[in-house]
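Notes follow once the structure below has been shown.
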Amino acid sequence: MEVHNVDLTISAVRPDQYPRTNYPEVALVGRSNVGKSSLTNVLINRRNFAHTSSQPGKTQTLNFYNVEDQLYFVDVPGYGYAKVSKKERERFGQMIEQYLTERNQLCGTILLVDGRHAPTDDDISMYQWLAYYRIPTLVVATKMDKVKGNAWNRQESLVKKTLGMDRETPLVLFSAVNKKGQEAVWQWIEKQMEMN
């Protein structure tokens with residue numbers, strides 16, 4: 001998709017605040033600081049449109065980015081950050097679960113994992129949860145510019161094996177630095193939009 005116009009429509013915490021459009025929506029989920037903002041910025045060809053938080057766990061809303069009046073990227077609060085209280089985590093959990101299970105416009109989810117390491121227990125839980133609800137999912141392994149080229153295959157296998165990925169779920173190795181994987185992510189998004 002050619003992207004020229006993007007705006008942050010709303011930061012929502014409740015369903016009655018979600019945009020009242022029928023544009024397909026793609027949710028970005030992953031641990032705090034895994035690179036959701038960086039992926040968003042690369043996809044929309046902007047430098048610092050989606051802000052990277054200096055404090056992990058700070059994003060506490062669902063941020064709806066309107067892309068070309070055709071699509072919303074929905075940035076979901078990051079999980080797995082210890083400084084957020086248990087009560088807050090439960091509140092996030094309910095908000096995220098409600099959005100992912102009840103939003104008709106949701107056409108797919110991008111699950112971001114740190115490509116430098118094996119996925120965490122939280123990543124595995126999120127992958128299994130998305131699979132349980134049969135939400136179309138693309139797994140994106142981020143920060144691949146920090147992985148030596150000869151280790152890419154090993155990291156790819158590690159991510160697939162640790163998450164227990166099925167054959168239907170695609171995996172893209174991504175780097176915000178050199179934009180590797182950008183096209184593959186867009187191809188998946190456009191396919192989901194057509195099916196919506």
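Numbers here simply count residues along the sequence, with the first being 1.
Of the possible polar contacts, none joining the Ser175 side chain to the Lys143 backbone as a donor-acceptor pair under 3.5 Å is found. A donor-acceptor distance shorter than 3.5 angstrom exists from the side chain of Gln155 to the backbone of Arg116, with no hydrogens or angles considered. Looking at Thr169, its side chain never comes within 3.5 Å of a backbone N or O of Thr137 through a donor-acceptor pair. Although no hydrogens or angles enter the test, the distance criterion places a donor-acceptor pair under 3.5 Å between the side chain of Glu68 and the main chain of His4. When atom types are taken as modelled, the side chain of Glu156 and the backbone of Leu173 share no donor-acceptor pair closer than 3.5 angstrom. With hydrogens and angles disregarded, no donor-acceptor distance shorter than 3.5 Å links the side chain of Glu25 to the backbone of Gln105.
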Let me see the working for Val172 and Leu138 under side-chain contact (heavy atoms from CB on, under 4.5 Å), right down to the final yes or no.
CA-CA 8 Å; Val172 171; Leu138 169 69; 3.7 Å; yes
Let's go through Thr142 and Leu39 carefully: what are the C-alpha distance in whole Å and the side-chain angles of both, what is the deciding distance for side-chain contact (heavy atoms from CB on, under 4.5 Å) to 0.1 Å, and is it a yes or a no?
CA-CA 8 Å; Thr142 61; Leu39 174 65; 5.6 Å; no
Intermediate values then yes/no, side-chain contact (heavy atoms from CB on, under 4.5 Å), Val26 and Tyr65
CA-CA 10 Å; Val26 172; Tyr65 294 98; over 6 Å; no
Could you give me the CA-CA distance, side-chain angles and deciding distance for Ser125 and Asp122, then say whether side chain to side chain donor-acceptor pair (under 3.5 Å) is met?
CA-CA 5 Å; Ser125 297; Asp122 284 331; 5.3 Å; no
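No continuous path of ILVMFWY side-chain contacts below 4.5 Å connects Val147 to Val177, so the two sit in separate hydrophobic clusters. No continuous path of ILVMFWY side-chain contacts below 4.5 Å connects Leu158 to Met165, so the two sit in separate hydrophobic clusters. Under a hydrophobic-cluster definition in which Ile, Leu, Val, Met, Phe, Trp and Tyr are linked whenever side-chain heavy atoms come within less than 4.5 Å, directly or via other members, Met193 and Met195 are assigned to different clusters.
Between Phe64 and Tyr72, the two ring planes are perpendicular [angle over 60°; tilted spans 30° to 60°].
For Asp121, the CG atom counts as loosely surrounded, since its 6.0 Å shell holds 12 or fewer non-hydrogen atoms of other residues, nucleotides or ligands. Residue Glu183 places its CD atom among 12 or fewer non-hydrogen atoms of other residues, nucleotides or ligands, all under 6.0 Å distant.
When all heavy atoms are compared, the tightest approach of Thr9 to Asn66 is OG1-CB, 3.4 Å. Of all heavy-atom pairs spanning Ser11 and Asn63, the tightest one is OG-OD1, 2.7 Å. Nearest heavy-atom pair, Leu111 versus Met126, reported as atom, atom and distance to 0.1 Å: CD1-CG, 3.8 Å. Closest approach of Ile124 to Pro119, counting heavy atoms only: CD1-O, 4.3 Å.
Pairs passing the ring pair (Phe, Tyr, Trp, His ring centres under 6.0 Å) check and including a residue from residues 163-196, sequence neighbours excluded, read Phe73-Trp186.
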